[in-house]
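As a basis for the values below, the full set of heavy atoms in this structure was taken, side chains included, without hydrogen atoms, waters or symmetry mates. Fair warning: this is a prediction, and the values are worked out from it, not measured in the lab. All chains are named by letter (A, B, ...) in the order of the sequence lines, taking the proteins before the strands, and each is independently numbered beginning at 1.
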Amino acid sequence: MDLPVDKVESTRASGPAAEGKRTRTYREALREALAQAMERDSRVFVAGQGVDDPGAVFGTTKGLAERFGRQRVFDTPIAENGITGIMIGAALAGMRPVLVHMRMDFLPMSMDQIVNHAAKWRFMFGGRVNVPLTIRCIIGRGWGAAAQHSQSLQALFVHIPGLKVVMPSTPYDAKGLLLASIADENPVIFVEHRWLFDQSGYVPEEEYVIPIGKGVIRRKGRDATVVAISHMAYEACKAAESLEKDGIDIEIIDPRSLSPLDDELIFDSVKKTGRLIIADTGWKNCGVGAEIAARVASDALGYLKAPIRRIATADTPTPCSFELEKEFYPSSEDIIFTVKELLNKSPLSPQPYRR
Amino acid sequence: MDLPVDKVESTRASGPAAEGKRTRTYREALREALAQAMERDSRVFVAGQGVDDPGAVFGTTKGLAERFGRQRVFDTPIAENGITGIMIGAALAGMRPVLVHMRMDFLPMSMDQIVNHAAKWRFMFGGRVNVPLTIRCIIGRGWGAAAQHSQSLQALFVHIPGLKVVMPSTPYDAKGLLLASIADENPVIFVEHRWLFDQSGYVPEEEYVIPIGKGVIRRKGRDATVVAISHMAYEACKAAESLEKDGIDIEIIDPRSLSPLDDELIFDSVKKTGRLIIADTGWKNCGVGAEIAARVASDALGYLKAPIRRIATADTPTPCSFELEKEFYPSSEDIIFTVKELLNKSPLSPQPYRR
Amino acid sequence: MYLLMLRIRKFEEKVVELYPAQDMRSPVHLYIGHEAIATGVCLNLRKDDYVSSNHRGHGHCIAKGMDMRLMLAEFYGKKTGYCKGKGGSMHLVDPENGVLGTSAIVGGGLPLAVGAALASVMQGNERVSVAFFGDGAVDEGSFHESLNFASLKKLPVVFVCENNFYATNSHQSARHSNNDIACLAEGYMMPSVCVDGNDVITVFETARNAINRARSGKGPTFMECRTYRWKAHVGPDCDVEKGCRPREELDQWVKRCPVKRFRELLLDENVLPESEMLELARQVDEEIEEAVIFAKNSPLPSPTELYEDVY
Amino acid sequence: MYLLMLRIRKFEEKVVELYPAQDMRSPVHLYIGHEAIATGVCLNLRKDDYVSSNHRGHGHCIAKGMDMRLMLAEFYGKKTGYCKGKGGSMHLVDPENGVLGTSAIVGGGLPLAVGAALASVMQGNERVSVAFFGDGAVDEGSFHESLNFASLKKLPVVFVCENNFYATNSHQSARHSNNDIACLAEGYMMPSVCVDGNDVITVFETARNAINRARSGKGPTFMECRTYRWKAHVGPDCDVEKGCRPREELDQWVKRCPVKRFRELLLDENVLPESEMLELARQVDEEIEEAVIFAKNSPLPSPTELYEDVY
Ligand SMILES: Cc1ncc(C[n+]2csc(CCOP(=O)(O)OP(=O)(O)O)c2C)c(N)n1
Ligand SMILES: Cc1ncc(C[n+]2csc(CCOP(=O)(O)OP(=O)(O)O)c2C)c(N)n1
Ligand SMILES: [Mg+2]
Ligand SMILES: [Mg+2]
């Protein structure tokens, strides 16, 4: 499915609009960004389990080891905390490492180095040092990956000052945000969605960066604002098509960066539509949806015509059975249901939505 | 300072109201709970760095090693992830471990075992096993503890289904919630505040439990609801005294448990006061305040007369200098300021508060 | 013993056969090639002894006495599975048979076995814990932390490292400064041996000593069992075509097939005649067929069951 | 060398003196008793060589060339401190002198030194990294992960374990299955030695070899330096009164005072006459007095500076 890119992208984010013709997949966009960054800057290197093997992390690092040598593209022991610390050390000594994890579930192993070290180093030392480290990690859904291989833990990192968190949903953003992350002087958690790797879309050949902290309007609309994160942006677009048939016109915002968050873009939209739904790939409690809801409830409350709703994975660990997965993961159906619910609702009739 | 306990406590939470006469400190309440649990149940044991040393974790484990033997009260290597996993293993084999950390900052070391194992074990295995593990950890503020020894990371655990999180603020709650946590079949993150250890208050001698998931109204009021967590409950009480002089009457809710959260208690209060402030000991982004704000914005939105405000530590790592600490940590002043701000405000005039 | 090895082998072969139908939607990490280890170790264990296992855990579970019907139902995401369909292939548990659970986090299971052993000591019972893990788990800090604690407290644990030389596609030499894992483990002051993991008799005897030692309160033992996985890291296919590993290496190890070797030994020594072997094979085939039917015919969980078992 | 040891000792003694005034509001972990280690190691290092350090880091920082004035200002939370008052006693950094930073997370600093060494190799320079850490850090998984990686990649790192037998109040024997840390480290296939950490000459010579070895591309070395801390784990007091450790143990080690021993050696061998020693002491006192004045007179940061330096 094609993700419509609104013209607003060209004004609110850097880079040209979608009508360009060079088409690449999300996977290729990531690989191209890595290759270009490594080409231009000898400080950039790529490390992680399997980055140099035939699978090449779903193909996103394919050919890099051959091209740049195994000193700059190398496999690591399965020792996430130590390896993260080693990357931080390399960053402190002038390198710009890109550390790759096949699944976001492995980040808790390295939480100490991420939270207590990478996030703290610059501030704690009064700005005298910094940690230009990019941590790529992958989320996904389906095929019974179950509780330990499926988590979408972005909120844990958004909570921590000193970290940046981005979640690109289009090939265009994947390239622009990866280049921006590598160029950033701070640790960035770069979250990819496995279901997006085959998506294709416009990707300019030249290098470009998308400023971290800038969201984008994927679709303009007047009836409700749906803030949709990562793969949920596609679910929102699907929902929009269906809702359109019922004469309902939603605005879709893809924040792209979760920390910092482009809350102004969201506020502006809510001021227009008066209704807000946040669709996240992760859990609800203290999640990204909570943060967005809280900001709107603080800074744009008076514009709301209906309760704020969050769409997220169920309040349970991830099940294996596909029958339960259907219930666990939210989809366009949930968005459609919730938009309709809100349109029939005044702020005084809450009746909470199931998720 | 004395924390008033409203009569509501006796109806909404278990246990008698405050006018009892037996007075103990928070520290003593914790120790008493541990001793009673160990006395009654031979499956209970206490492990952690320094639990058997002269400091005895701020005195909270004093005398336990002597009384119950060093097989049940023992020091551990500084290997938080492994030790947490070992405690999980012991819990699976029928024990009820209490693992103690001197600072919450050390929990990121064991995030893998907490998030990927303890939180998942019961669900992932279809309810056939469970992990009755209590993890005590301590937060605090001041004296230049700085970025790596000061974090109040409760939100990271609230985010994860399968964990329970409690933060008692009174000696009464400390004992009742610790006994409830040890008795619970699930992993509980039990967060204590160092500044509360010397607080004293009514603590019955007999064993009692406070149901995890039940909040309490610390003060009844009609003008605004202040949800205040852990030590912030005291700051809220201080603020209430001062506001009272200006004729402003706030209601203070101490949720005590953050996961599960007693949101009904909060909704009811907001329905009455129409104004909500959440004062937390941790960070704002994706924090506990965000979750509470989001729930209210979903389920009680129509009752709000003013924006929801969050009071939290600044969006920075913790500084060392006391001059900067003053700016970093919120206090009763911030609560007073924010309450007054909200009283002068309609939902349409947002002007966000600094923090 | 032969029956058990055959059961594990044939069970996995059945998974290989069924998987392409795409209705067993759970990532499978097959145990084919490792059978001698689970068999040799677990046949020394009592029903109530503990085992912690990893993503490649089918063999450990069968060897510890778990029911293939309920395992297969679990792989199919069925309500009748060991975990009501919530766990899948990577997550099996059976408290009745002492299976503490299989962790798909590399290195995650070691501390669990150590903790169960701690409980055994505190409870004053004689249960022994076995931690099964791969060479990949040796990379992790939890390896160090677990070995140190177990040895410090002299706990009844046997650490069984199944060294198949690879973690996904990463060779041991790309990950370990010391290729001699057993020697590394010696640093923790526990007896440590390296054995041929494809020789079930050697594994059995080494494990017997280690388990007896643990049971008699003398503390932990480390066993490195060298072996090889035949299939891809995950899934039913072989990965040599994809260039993940040299074909000759696989061929060498297939020649040293643990099942075949044990079969030949039994024949050579006239312990079990060919006819009885065939009968055993038939019996196992039947068991597995029954398991498949049970699993396929079992109902799926209902959506609302999702919300159960969190707390 | 004597000058440096004196500087570290007298600096810490000044902290002991000033701390009770309660205006140095930052938890101090004093280095008194360990001086020979930082001195012996760092005098072999170049200015641009890297050091990672821990909560007990004052000595390492002074030995690596950091300015006592800016250190003390940092302890007082002043704007002129190394970290503008944001770090305090436990968090010092100085990129100009190769100090990567001190981590107050036990074991947190080891991977940083290894990573800097990795960068040195990638950049093709000759910089060496030293990781200073305590016996407590040996408990952590990061110890294992760091040693393994450094040895695997033959990185220019020297691991310096300051074994003072305690981590807070916990004796090594309550934490380590193997009391011989150097022997444990051998498992990673790197040269590993255990030396008297109170003998500055031995430390110096051992470190010289290790650092030369690293610089010439031969890979990492492990040094266990046995020593003792004189003060409480944290703060300016002594902890034997509180029953944390046996008084006789402390007394024994005070007799082996590294500064005194070196002083006596210098006198015995007639390397430095007493008069020059006194002169050095006077000079150090002056430096420190100046540092105190600088620190005390420095301005505090302004509240809005809190919001700087996050990104
Ligand atoms: C902490 C963690 N990191 C990475 C992975 C991804 N992963 C799954 S299995 C595996 C290899 C494990 O190798 P080994 O322990 O030798 O077991 P084998 O598969 O060879 O039986 C890896 C890296 C994981 N599951 N957990
Ligand atoms: C991960 C972690 N766990 C616990 C602590 C608390 N703590 C601070 S210092 C220390 C002891 C460290 O001992 P050692 O490494 O031997 O250094 P020493 O203090 O003896 O110099 C401990 C346990 C910590 N800072 N970090
Ligand atoms: Mg392997
Ligand atoms: Mg020590």
I'd like to know which of C:E305, C:K153, C:H91, C:Q123 tops the heavy-atom pair count under 4.5 Å against chain B.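 Looking at each of C:E305, C:K153, C:H91, C:Q123 in turn, C:H91 comes out on top.
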
According to ring-ring contact (aromatic ring centres under 6.0 Å, His included), who are the partners of B:F74, at least two apart in sequence or on a separate chain?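 Only B:F45 meet the ring-ring contact (aromatic ring centres under 6.0 Å, His included) criterion with B:F74.
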
Could you tell me if C:K86 sits above the aromatic ring of B:F125, with its cationic atom closer than 6.0 Å to the ring centre and no more than 45 degrees from the axis? no

With C:R56 as the cation and C:Y31 as the aromatic partner, state whether NZ or CZ is under 6.0 Å from the six-membered ring centre and within 45° of the axis.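 No, cation not above the ring by the 6.0 Å, 45° rule.
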
Do [X] and [Y] sit within salt-bridge range, that is, some charged N less than 4.0 Å from a carboxylate O?
X: B:E39; Y: B:R67; result: yes
X: B:R128; Y: C:D94; result: yes
X: C:R215; Y: C:D49; result: yes

Under 3.5 Å side-chain donor-acceptor pair for B:T134 and B:S181: no

Any side-chain donor-acceptor pair under 3.5 Å between B:T60 and B:R136? yes

Heavy-atom proximity to chain B below 4.5 Å, by part of C:Y50: side chain

Taking side chain as everything from C-beta outward and backbone as N, CA, C, O, which of these in C:E308 sits under 4.5 Å from a heavy atom of chain B? Side chain, backbone, both or neither. backbone

Part of residues 113-121 of chain C lying next to chain B, heavy-atom separation under 4.5 Å: C:V114, C:G115, C:A116, C:L118, C:A119, C:V121

Applying a heavy-atom distance below 4.5 Å, give me the residues of residues 127-152 of chain C that approach chain B, sorted by number. C:E145, C:N148, C:F149, C:L152

Just by modelled atom types, is the B:V44 backbone N or O under 3.5 Å from a matching donor or acceptor in the B:R72 side chain?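 A pair under 3.5 Å: yes.
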
Look at the side chain of C:R213 and the backbone N and O of C:K218, then say whether any donor-acceptor pair between them is shorter than 3.5 Å. yes

If you apply the rule side chain to side chain donor-acceptor pair (under 3.5 Å), what do you find for C:E12 with C:H58, and how did you get there? CA-CA 8 Å; C:E12 295 292 63; C:H58 305 169; 2.8 Å; yes

Distance flag, aromatic centroids of C:H55 and C:H233, threshold under 6.0 Å: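 Yes.
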
Residues of residues 103-112 of chain B within contact distance of chain C, non-hydrogen under 4.5 Å: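 Residues in range: B:D112.
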
I would like to know whether C:R46 and C:E126 meet salt bridge (charged side-chain N to carboxylate O under 4.0 Å, His left out); could you show each step before the answer? CA-CA 10 Å; C:R46 302 181 184 164; C:E126 291 203 318; 3.7 Å; yes

Given salt bridge (charged side-chain N to carboxylate O under 4.0 Å, His left out), test B:R96 with B:E185 step by step and report yes or no. CA-CA 9 Å; B:R96 304 188 89 84; B:E185 297 298 332; 3.4 Å; yes

